[in-house]
Amino acid sequence: MSLSRSKAGGKPSLVSSFINRLLRFGALPIVLLFCIVIFELANPHFLSRTNLINVLQQSVFLMLISFGQMLVLISGGFDLSVGAVVALTSILSSTAMVMVSGWQPDQPFLAILAGFATALLTGLCAGLVNALGVSVLRVNAFIVTLATTSIFQGLTLVISQGMEVTDLPIQFVYGIGSDFVLGIPVSALFAVPALLIVYVLLHRMRFGRYVYAIGSNTKSALVAGVPINRYLMFCYAICSVITAFSGLLLTARVSSGEPLLGSEFPLDSIAAAVIGGCSLRGGEGGAIGVLLGVIFITVLANGMDLMQIGSNFQMIVLGIVLVGAVVLDRFRAGQNRK
Amino acid sequence: MLKPLEPSGVPFVALSGASKFYGSFAALKGADLALMPGQVHMLLGENGAGKSTLVSLLIGANRLDEGNRYLHGQPCPDLSPDMARAAGLNAVLQDFSLAPSLTVAENFALGREQTRFGLLSKAKMVKSALDTMQKLGITLDPDARVDTLTRAEQQLLEIARALGGKPGALILDEPTAMLSHNESERLFDAVVRLRAAGWAILYISHRMEEIRQLGDVVTILRDGRLTGHYRLADVSNDRMIAEMVGRPMESFYPKIPHRPAEDALEVVALASGSKLRDGNLTLRFGEIVGLGGLVGCGKAELARAVFGLEPITNGVVLLDGNVIKVSSPAAMLARGLIYLPQDRRGEALALNRSIGDNIVIEALAKREYARAGWLRGGRLQQLVRNLIDKLKISPADPFKPVQELSGGNQQKVVLARALSLPRRIYIFDEPTAGVDVATRLDFYLQLQDLCSGGAAILLITSDLQELIHLSHRIIVMHDGRCIATLDGPDMTEERVVSHAFSGRHEGALQ
């Protein structure tokens with residue numbers, strides 16, 4: 001007895017702490033590996049260079065949005081408005097670019113700059129509206145972002161009249177949307193700094209500790225003097241800004257501003273984050289897990305594409321996977337309570 | 001190994017050689033226990049000694065890894081909690097099992113709903129709930145939703161629910177941790193009546209007075225093993241504590257030197273919400289002021305209002321002689337005042353975060369530990385290590401989520417957060433509720449340290465012994481008002497109780 005107690009009180013060994021770290025992501029790495037093997041067996045092109053680049057290109061947009069979604073989930077909330085923010089950004093920044101290039105046709109970079117500025121501003125405003133509802137007005141995040149989804153969608157349709165915005169600068173569409181540097185898609189290179197910023201904020205800075213504390217137990221965070229409203233503000237603002245950034249890159253990819261862009265993102269980003277270890281009750285999850293979660297979802301879609309499984313059927317599979325992940329989350333919580 | 005003390009009669013429920021392992025860890029090893037009808041059996045042990053494991057084996061919530069379980073003398077290896085209840089084995093455990101959105105009567109009848117022609121008979125359920133509550137001397141509105149009740153009222157409802165089950169045996173796990181003095185007294189009356197009616201009762205408690213007052217026999221557990229089994233008439237308190245802790249204890253409450261300096265905190269005519277009407281107190285550096293009174297007298301609300309957790313509707317709070325205009329937890333912490341709430345799971349801990357994360361959350365606001373927002377990992381780690389060592393937090397693994405710790409160790413994590421930064425004023429709200437004896441003693445020594453270091457300490461506690469022995473001055477509250485200040489020889493249990501009850505039960509006490 002005294003032996004086992006001293007063992008429990010001692011430092012955990014390196015091996016067991018490594019295994020514990022792996023287990024934090026649950027069965028995900030194993031399932032991912034399993035999927036890759038299946039898809040490769042079904043279609044030998046799956047692991048080809050071209051297809052891997054393709055997967056990377058496909059995953060960039062969801063990766064950015066899921067990182068934003070992760071912050072909000074860890075703080076104990078939800079952001080259902082990410083899809084609407086993508087569409088709104090797409091329309092607003094395209095309109096801005098078309099206007100600027102009409103005014104200064106010889107300065108395409110000025111137009112692209114205007115596009116970026118509009119996207120960031122759109123994200124910031126959308127995020128602050130969400131944050132206001134959640135932190136100051138203290139309305140449930142689910143309701144707030146459901147409502148703002150409707151608002152942003154309405155706004156998008158009013159501004160665009162339901163029409164696509166075409167004639168974007170060539171440099172934007174080709175340079176950012178489909179060019180490569182050193183064999184890597186440009187949009188992926190754009191995404192890396194944004195992802196790094198979120199990673200560092202969450203895991204290397206005070207910001208992350210506060211967000212975890214708020215999501216885990218808001219009352220105890222209050223008692224410990226954490227400025228809760230300010231950090232909730234940050235979370236929602238960062239989520240919407242990074243989503244808007246993703247929306248801009250996606251606009252370049254599809255080469256026009258589209259009012260119906262991105263409707264799959266609310267579900268996909270929450271699914272990726274939860275599969276990657278975020279808890280719907282807040283206070284749990286991390287960047288590496290979400291990274292794996294996004295890769296999993298993208299690989300699943302890509303693999304099914306290669307196996308010529310239709311997109312309608314894919315929606316069914318994604319739904320099932322999400323339910324599985326939520327059940328897994330409950331199971332994990334149950335284990336912890338024990 | 002142990003001779004049965006009551007050789008006659010068949011135990012209602014018994015364990016022999018019972019063991020429970022979690023991996024290689026023996027939560028309980030070779031324990032014998034027999035609950036005899038008409039006997040109050042006290043179970044004593046520190047947190048983590050295996051009391052909860054033993055109870056879970058008794059009621060069939062856990063499987064036995066070794067040994068046997070007997071119900072009415074018959075071996076009963078496959079018992080489930082439902083079967084136990086049906087057999088008359090009723091348990092009130094520490095984790096509340098009430099459904100928060102149902103009413104008092106609905107919760108009372110949960111699992112044994114009474115029906116009429118296949119439909120629920122609300123009238124019958126309300127009546128039986130009222131009858132049982134009356135036996136306990138409690139008055140709860142049967143139609144009130146459980147989440148509108150206080151923790152104490154929920155505890156009383158749990159007890160009433162257990163009493164409403166099939167008669168036979170009752171297991172109470174620290175039932176008075178949440179209860180006020182008079183509520184506890186009524187519970188004791190009920191226990192005595194049940195014993196006379198032939199119930200077998202297992203009673204877990206940390207409080208010596210209760211053990212003395214109620215118990216017939218006592219079983220002591222330490223580190224998952226039975227260390228002693230006595231008739232209470234044959235054993236001294238010192239002996240019991242020594243067996244429980246594994247070492248003798250000279251004096252339970254340390255002498256804390258009283259060297260009052262200038263005023264630290266002054267509260268004048270403070271009012272907040274419906275529970276605090278007129279709070280007045282003065283707290284100086286270098287002293288411990290105890291705040292006593294019944295549950296619901298407003299003593300917690302006074303501290304919460306000072307700390308900015310409840311809105312102040314009237315009155316003034318002064319720190320160092322300066323009036324505080326707007327108080328919020330962050331502002332008070334910045335001024336060196338910390339409040340540790342009594343509901344540690346609900347308000348003091350981020351349960352799914354690690355020990356380390358919980359300890360340093362406040363230190364992160366300081367440049368010493370986070371420069372321009374960047375964590376200084378080495379210093380934070382050092383801070384956590386030091387506090388884990390100093391407070392003997394177990395397991396000493398900074399990455400362990402606090403929800404996996406025992407209650408006593410969770411309280412130590414809360415205390416570690418308080419000690420993570422130097423402060424001048426500490427307000428402790430029921431710091432030792434549900435905490436084992438050894439942890440209490442450690443906490444008292446920390447209090448001694450802080451106080452002799454010149455800190456001002458306000459100690460809110462429902463434990464009369466603690467209040468009297470640790471405080472330099474006692475302020476008693478009644479019905480939202482500070483009604484008496486006691487010091488020196490006036491600090492006796494009788495004086496505190498008579499003030500605490502004044503107005504309502506004055507006559508009854510004489």
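Checked for salt-bridge contact, B:Arg222 and B:Glu243 miss the test: no charged N lies under 4.0 Å from a carboxylate O.
Counted within 6.0 Å of CZ on B:Arg423, heavy atoms from surrounding residues, nucleotides or ligands total more than 12; the atom is thus considered enclosed.
Only the backbone of B:Ala372 has a heavy atom closer than 4.5 Å to any heavy atom of chain A. Contacts of B:Leu333 with chain A are made by side-chain atoms alone, with heavy-atom separations under 4.5 Å and no backbone atom involved. Interface residue B:Val360: only side-chain heavy atoms are found under 4.5 Å from chain A. B:Leu349 touches chain A through its backbone: at least one of N, CA, C or O sits under 4.5 Å from a heavy atom, while the side chain does not.
Taking the centre and axis of the six-membered ring of B:Tyr369, the NZ or CZ atom of B:Arg376 falls outside the cone set by 45° and 6.0 Å.
Contact count against chain B (heavy-atom pairs under 4.5 Å) is highest for A:Ser216 among A:Ala221, A:Gly225, A:Ser216. Ranked by heavy-atom pairs shorter than 4.5 Å toward chain A, the options B:Gly346, B:Ala370, B:Pro398 are led by B:Gly346.
A:Phe296 CZ to A:Leu291 CG: the interatomic distance, rounded to the nearest 0.5 Å, is 14.0 Å.
The minimum heavy-atom distance between A:Ser220 and B:Ala348, with the atom names listed, is CB-C, 3.6 Å.
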